Amino acid sequence: MKYVNHPVPKKDAMALVTGKPVYTDDLAPKDCLVVKLLRSPHPNAWVREIRTEAAKKVEGIVCVLTYQDVPDQRFTVAGQTYPEFSPYDRKILDVHLRFAGDPVAIVAGETEAAVDQALAKIKVSYQVEKAVLDMHQAKDNPVLVHPEEDWEAKVPVGADNKRNLAASGDEISGDVDAVFADCAYVVDETYHTKANQQCMMETFRTCCYMDCYGRLNVLTSTQIPFHVRRIVGRALGIPSSKVRVIKPRIGGGFGAKQTAVCEVYPALVTWITGRPSKIVYSRYESLICASPRHEMEVRVKAGADQEGIVKALDIKVLSNTGAYGDHGPTTVGLTGHKALALYRHLQAYHFSYDVVYTNVQASGAYRGYGATQGIFAVESAINELAHQMGMDPVVLREKNMPVEGGPLHGYDGNSPTATSCSLDRCLKRAKEMFHWDERYPSRVMPNGKIRGAGMALALQGSSIACVDVGGATVKLNEDGSYTLSLGCADMGTGCDTILSQMTADCMDTELDNVVVGAVDTDISPYDSGSYASATTYATGNAVLKACSMLREKIQAFGAGMLELPVEDTTFDGICVTGQGRQVSLTEIAVQATCGNVQELQATASFSSMISPPPYMAGLAEVEIDPETGSVEVTDYVAVVDCGTPVNPNLARVQTEGGIVQGIGMALTEEVQYTDTGRIRNNSFMQYKIPSRMDVGQIRVEFESSYEQSGPFGAKSIGELVIDTPCPAIADAIYNAVGVRIRELPITPEKIAMGIAKGRQEV
């Protein structure tokens, strides 16, 4: 392999660092109408009267739309396969407002100043009702977030809008009670993770325009171009064939843009007015009405025998989907399935969950997609189990973790086999790098601060088995170069680059000879999108299939030019050769294209019946000031098995970025609400994400397995890497100062209060 498993620069690196116009707002037509939304100040209210006359008279205002002016049908903005697992519970604008920030009116005008002036002139009379703000009180509450009769769940996921349930489920394997009764050690605790914002650099933004064929063109920063096409068509009540979606460069997503947060609003304006329009969310809007991680409360009961073999797990989850069910039914499944699979000796397990509606900002997809919350809870419980037994948590994991050829209990609802797994080598290498035996459990520093060590394991997935689809088209151009067309969305991860690396090696050509462009639903092959850690595995396999098909076509065409049977020829990426004669790739390309004979291209799709998980071992050291409770992560070691790292540099920065996000989740980040349902931390002055100054040393290495079903042996990496920091840091804090904190984030105040009260638990 000349390019795969080599750290080549990203295809778009120079364009990005030199400030080329590549993002949505850069490419929007200059005459776009500015679109903004009037938002509800109340978490639960009905619009009784809305007066827009004064707003419409503002100079430069083109349209003001209310619930009376928009299509009256429900849809979901969750970017999922069809039929979506998430309920159809939204309208573009609704008379019933379900959280503080829900849109009340759409205003479009020539300038931002005119739109701001018009927004201030809209007069709304609200009927304010009691809100359900606490997820513990939501189920079967007399106050219904969705009392409407046209609410619809297309898939039976246990949803019931008359009970404030977006999903509910119960899975059991074996006699859980009997196995627990035989366990020598049992931990039964509840862990609480708060909602977190993705905080990508580029906020939500979309521009729309009509083309000469009367079709709606949607240029948008999204992870799900093909799903956006369906969502917009459904919302506007038009065939999806009337919608074309184009994805330019994306300034980050982290799952936030797996939800069509803003696309329908400018789409409606352009469809009604015929004029180009755009919406650009401010950072304020991206914090109050976006798609944050689900708040979850996870009760874990874990049991082990005298030797430390984990035999039973019982996981009960309460998940807060907020005002709408976007991704609510799907994230919660990963909360249990990914955590259960970490323990290969399980004789019984129980996984149950309720996903409830409340009158707060709707939650969505965030890197880790539910597994992050579940792994925090289960790995924390296992660490507590190790302490109860007086056993090193590394030793406990060595006795129980997945091994190649072993079972993955509960993984995606069944018990498949770990087809590729080097987690044992990952943990061994991480322990060596960290000098675990010297640093665990804690040590007092000369300045009086205390350092503690903690660890955790994680696994995730590589696409959604039997659901996700990857697509690729590879075309030979007349100059002998190749055009790679993809339907997946590069959101800064570098998937355009790694898929080009695969193409170059498959076609025996130079990387610069492979041209890759943006996604366009009119011309790109269908791809379910960049989420669920699907791109490297699913789209990568589609690339391999397309390249194999194209090689056969090129060889057959060259054999025809040589007037030889195909079996008497070979193709080495440069020439087709047979019986001492040869014809070059360029000659073949010119003859095929310029000679108007045929176009040499191939399109392939890939969907897998399995989802081979990547694995990670994470070890953390924290330093705590026992007088103030201040905490700092001084060292983090991560060793990852992602199969073959296609581009080690990109895999490394993916890992480092995920770890930093996990540190933020562990120590500083939470979406907070006032008693009236408004978000308190609505800017980066209040919502604290870690900067480089807030994290110490991060060290990353890879211990590769080889996944036979993956392209070049590769698996995924994108989501996995955020999963270990929370439980590792929580246990490191306990080992340092003896305070067990089961609610994230773990703030200095919580640590200081625990120390002051002399308690073991907070």
Side-chain angles (χ1 to χ4, degrees), residues 1-8 341 401-406 408 411 416-429 458-465 468 470 472 474 484 486 488 493-509 511 514 530 532-549 551 573 604-617 638-655 700-721:
M1 296 180 291
K2 183 176 180 180
Y3 294 108
V4 170
N5 200 218
H6 289 79
V8 304
M401 64 187 175
V403 295
E404 190 160 301
L408 296 173
Y411 184 74
T417 299
T419 53
S420 60
C421 178
S422 64
L423 186 55
D424 54 347
R425 288 189 280 122
C426 290
L427 183 54
K428 180 181 178 181
R429 180 63 184 134
L459 62 77
Q460 193 79 29
S462 299
S463 79
I464 305 173
D468 285 343
V474 185
L484 174 62
L486 302 167
C488 60
T493 54
C495 68
D496 285 356
T497 301
I498 65 168
L499 296 170
S500 296
Q501 290 175 255
M502 294 182 191
T503 302
D505 276 346
C506 286
M507 302 308 298
D508 289 311
T509 192
L511 183 62
V514 179
S530 292
S533 302
T535 305
T536 298
Y537 183 74
T539 310
N541 270 315
V543 167
L544 265 61
K545 288 176 64 177
C547 287
S548 178
M549 294 162 60
R551 285 188 70 103
S605 294
F606 178 84
S607 184
S608 179
M609 298 293 290
I610 62 172
S611 177
Y615 305 88
M616 177 183 184
V639 183
V640 177
D641 166 21
C642 59
T644 302
V646 180
N647 188 315
N649 277 2
L650 296 182
R652 187 176 304 278
V653 297
Q654 280 283 294
T655 306
V700 175
E701 286 196 9
F702 300 94
E703 285 287 343
S704 299
S705 61
Y706 189 90
E707 174 53 47
Q708 292 288 345
S709 69
F712 295 96
K715 298 184 286 190
S716 73
I717 194 170
E719 293 181 284
L720 167 78
V721 291

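Along the sequence shown, the residues carry numbers beginning at 1. Worth saying up front: this structure is predicted, and the values here are computed from it rather than measured.
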Could you state the interatomic distance from [atom1] ([X]) to [atom2] ([Y]), rounded to the nearest 0.5 Å?
X      : Y      : atom1 : atom2 : result
Leu499 : Leu544 : CG    : CG    : 10.0 Å
Ser463 : Asp468 : OG    : CG    : 5.0 Å
Met502 : Cys547 : CE    : SG    : 10.0 Å
Leu650 : Ile717 : CG    : CD1   : 10.0 Å
Leu459 : Leu408 : CG    : CG    : 6.5 Å
Ser709 : Ile610 : OG    : CD1   : 3.5 Å

Side-chain ([X]) to main-chain ([Y]) donor-acceptor, under 3.5 angstrom:
X      : Y      : result
Arg652 : Phe702 : no
Ser705 : Ser422 : no
Ser462 : Ser611 : no
Ser704 : Gly643 : yes
Tyr3   : Leu511 : yes
Asn5   : Val646 : no
Gln501 : His6   : yes

Return the minimal non-hydrogen interatomic distance between [X] and [Y], and the atom names on each side.
X      : Y      : value
Thr535 : Ser530 : OG1-OG, 3.5 Å
Phe712 : Tyr706 : O-CE1, 3.5 Å
Asp505 : Met1   : OD2-CB, 3.5 Å
Ala604 : Ala546 : CB-N, 3.5 Å
Cys426 : Val640 : SG-C, 3.8 Å
Pro402 : Cys421 : O-SG, 3.5 Å

Checklist entry - Under 3.5 Å, is there a donor-acceptor pair linking the side chains of Thr493 and Gln654? => result no
Item to check | Side chain to side chain, Pro711 and Asn541, heavy atoms closer than 4.5 Å | outcome: yes
Item to check | From CA spacing to verdict: side chain to side chain donor-acceptor pair (under 3.5 Å), Ser533, Glu719 | outcome: CA-CA 6 Å; Ser533 302; Glu719 293 181 284; 2.8 Å; yes
Next on the checklist: Applying side chain to side chain donor-acceptor pair (under 3.5 Å) to Ser420 and Gln708, what does each step give before you reach the verdict?
Outcome noted: CA-CA 8 Å; Ser420 60; Gln708 292 288 345; over 6 Å; no
Next on the checklist: Pair Leu486, Val543 - check side-chain contact (heavy atoms from CB on, under 4.5 Å), show working.
Outcome noted: CA-CA 9 Å; Leu486 302 167; Val543 167; 4.2 Å; yes
Item to check | Pair Lys715 + Asp641, salt bridge at N-O below 4.0 Å | outcome: yes
